[in-house]
Amino acid sequence: MMRLGPKAPPSGKGTGSLTDAPKDLLKETRHLEELFTIDTPKLKEITHHFVNELTKGLSVEGGSIPMNPTWVMSRPTGHETGTFLALDMGGTNLRVCQVTLTEQKSEFDIIQSKYRLPEELKTGVAEELWGYIADCLQQFIETHHGDASKMGKHPLGFTFSYPATQNYIDEGILQRWTKGFDIAGVEGRNVVPMFEAALKQRGVPIKLTALINDTTGTLVASAYTDPKMMIGCIFGTGCNAAYMEDCGSIPKLAHLNLPPDTPMGINCEWGAFDNEGKVLPRTPYDAAIDKDSPRPGQQAFEKMIAGLYLGEIFRLIMVDLHDNSDAHLFAGQDISKLRKPYSLDSSFLSAIEEDTLEDLSETLDLFQTKLNISPSRAELGLIRRAAELIGTRAARLSACGVAAISIKKGYQSCHVGADGSVFNKYPHFKARGAQALRQILDWPDKADPKEEDPIEILAAEDGSGVGAALIAALTLRRVKDGNMHGILHPENFK
Ligand code: BGC
């Protein structure tokens, strides 16, 4: 069978029999391949534009990628110490941790509790969201420390993983909600006082010392144990990256007169790359996702890559091929379950790609149990190919972002710390991303397959727990040393 574009890494069996598929199904499969395959020249074009957009985001005029300074002004040495609370408000879960950075270099102890973030809170009322988070924190403190009201104030690193303007490390003005959140009255405002008000109401003794993005946390946590770590990435419900820039290359901070070689953590918010639609080869399915999202026109790159959207892209394809194509996918079957928006998450696609059986019978089971649909053998072939195409496109586009930061910073060789459900659980994501990076950066083939790539994307340390604690520690340290840049409430650092 001829495939368009680069050869996919081995992904089990099952697609071979597509050649026996009815003509219309084959035609639709070819069409999907054309829509979703991104060849190497296109990857290079996207990367080139990405590099320019990173620079533009740092300029006074700005661009579509926010490139938010984070006031993380150094890398960890491995010798940081102390006990910190960390709160992670992710896209799916809420996690509270107590992290102790021990005297032993690069070592830490952690205790943590995880809470599901109820779906209705994501599109509900702000006070309820802050109230819920404060309740979880209170419960955690009471479980581990007894009566919260009798204690001194704990320093807290708050991982708030949404684009936020930070004029100070202890401030975060929400630029816009992402990842399907839509809570009125928060965008354009500093979330810290809102959160603190909920804590005060409950008498929870916390002083917020740093508001952190998950990518910055990932970078710092990974750099704590690995000095080669230069970029932190999240490929999960959302996607994004952070790296350290020199203040001299950040014109939008020029008015602060910081020494040009001072390091500054930048939360890129690269999910917003190409919002203006210049280079990304968007399909009609991507356009449909955007149109029906709470923030149309925003997070163009993220909507092609992140876990929140992968299953939805697949679902839209399936419905379209049932309703509108000559292939009449699932003809005569009731597809009402499939019609429900966001009913398939990326784990559904993972399961399809993980089906190693020749007849794709695991995929058949999945469709029967989850959707009440029984695809034919040929339809199963198309299903598998569609999942591969969506997953491969996500991995290849992700590599453009990593390549762009590396080119901008002149990194020839480094480590990239990555976390998130797609990176950790989606089959072949790492291998496909690594292959794309090799193609973009024109690396020669490896002599030995075990050899490291010049730029290697590795599983990261826990960014929102250990990373948040480290950033709180680094900030306390620099304040003690007299660096008061980007500190709104110095009293919280005593
Ligand atoms: C957010 C980022 C975050 C990323 C990964 C995106 O939707 O805007 O702040 O880092 O998701 O969680």
Side-chain angles (χ1 to χ4, degrees), residues 54 57 64-72 86-95 117 122-123 157-166 169 171-183 186-188 191 210-222 231-243 265-275 289-290 293-310 312 342 345-346 394 397-398 401-402 405 416-426 429 457 460 462-465 467-468 471:
L54 293 172
S64 56
I65 308 184
M67 302 296 278
N68 294 326
T70 63
W71 298 100
V72 173
L87 173 73
D88 176 19
M89 180 187 152
T92 316
N93 294 314
L94 193 76
R95 195 164 63 113
L117 200 62
K122 298 181 186 172
T123 50
F158 177 24
T159 305
F160 179 73
S161 302
Y162 305 87
T165 305
Q166 294 192 272
I169 197 163
E171 170 192 84
I173 302 167
L174 178 64
Q175 293 165 335
R176 75 197 64 81
W177 286 117
T178 58
K179 298 184 272 209
F181 277 64
D182 190 10
I183 302 168
V186 188
E187 283 170 324
V191 298
L211 183 128
I212 295 150
N213 188 262
D214 50 2
T215 53
T216 325
T218 297
L219 170 63
V220 172
S222 301
I231 301 173
C233 291
I234 300 288
F235 303 112
T237 308
C239 76
N240 188 16
Y243 73 101
I266 297 290
N267 163 20
C268 301
E269 290 295 339
W270 76 18
F273 172 64
D274 203 34
N275 280 347
I289 289 209
D290 185 49
S293 73
R295 297 290 178 279
Q298 302 291 347
Q299 302 297 97
F301 188 60
E302 175 161 275
K303 284 171 177 159
M304 299 171 84
I305 293 178
L308 178 60
Y309 305 103
L310 297 184
E312 182 64 0
Y342 289 90
D345 61 20
S346 54
L397 285 176
S398 304
V402 174
I405 295 180
V416 176
D419 205 349
S421 51
V422 173
F423 183 78
N424 290 322
K425 295 194 192 135
Y426 197 94
F429 187 84
I457 308 179
D462 165 20
S464 48
I471 291 173

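Indexing begins at 1, ligand by ligand and atom by atom, following the structure's order.
Near Ile234, the atoms of ligand 1 lying under 4.0 angstrom from a non-hydrogen atom of the residue are 5 (C), 12 (O). Of all the atoms in ligand 1, the ones that sit under 4.0 Å from a non-hydrogen atom of Glu269 are 1 (C), 2 (C), 8 (O), 9 (O). Contact atoms of ligand 1 toward Asn240: 2 (C), 3 (C), 4 (C), 9 (O), 10 (O) (distance under 4.0 Å to a heavy atom of the residue). Against a heavy-atom cut-off of under 4.0 Å, Pro163 is close to the following atoms of ligand 1: 8 (O), 9 (O).
Taking the six-membered ring where the residue is Trp, Phe423 and Phe429 present perpendicular rings, their angle passing 60° and hence far from 30°.
Of the protein's heavy atoms, Asp214 OD2, 2.6 Å lies nearest to atom 12 (O) of ligand 1. Closest protein heavy atom to atom 11 (O) of ligand 1: Lys179 NZ, 3.3 Å.
Considering Glu302, Gln298, Gln299 only, the shortest heavy-atom separation from atom 6 (C) of ligand 1 involves Glu302. Evaluated by nearest non-hydrogen atom to atom 1 (C) of ligand 1, the leading choice among Gly238, Ser161, Gly90, Pro66 is Ser161.
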Test side-chain hydrogen bond (donor to acceptor under 3.5 Å, both in side chains) on Ser64 and Asn275 and set out the steps. CA-CA 6 Å; Ser64 56; Asn275 280 347; 5.1 Å; no
Assess whether side-chain contact (heavy atoms from CB on, under 4.5 Å) is satisfied between Thr178 and Tyr162, documenting all intermediate values. CA-CA 6 Å; Thr178 58; Tyr162 305 87; 3.5 Å; yes
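With hydrogens and angles left out, the side-chain atoms of Gln175 and Asn68 include a donor and acceptor closer than 3.5 Å. Side chain to side chain, Asp214 and Asn240 fail the donor-acceptor criterion of an N or O pair below 3.5 Å. No hydrogens or angles considered: nothing links the side chains of Thr70 and Thr216 as a donor-acceptor pair under 3.5 Å.
When all heavy atoms of Gly238 and Lys179 are compared, the pair lying nearest together is N-CD, 3.7 Å.
Under 4.0 angstrom from ligand 1, there are no non-hydrogen atoms of Asn267. The backbone of Cys239, and not its side chain, has at least one atom closer than 4.0 Å to an atom of ligand 1 (non-hydrogen atoms only; backbone = N, CA, C, O).
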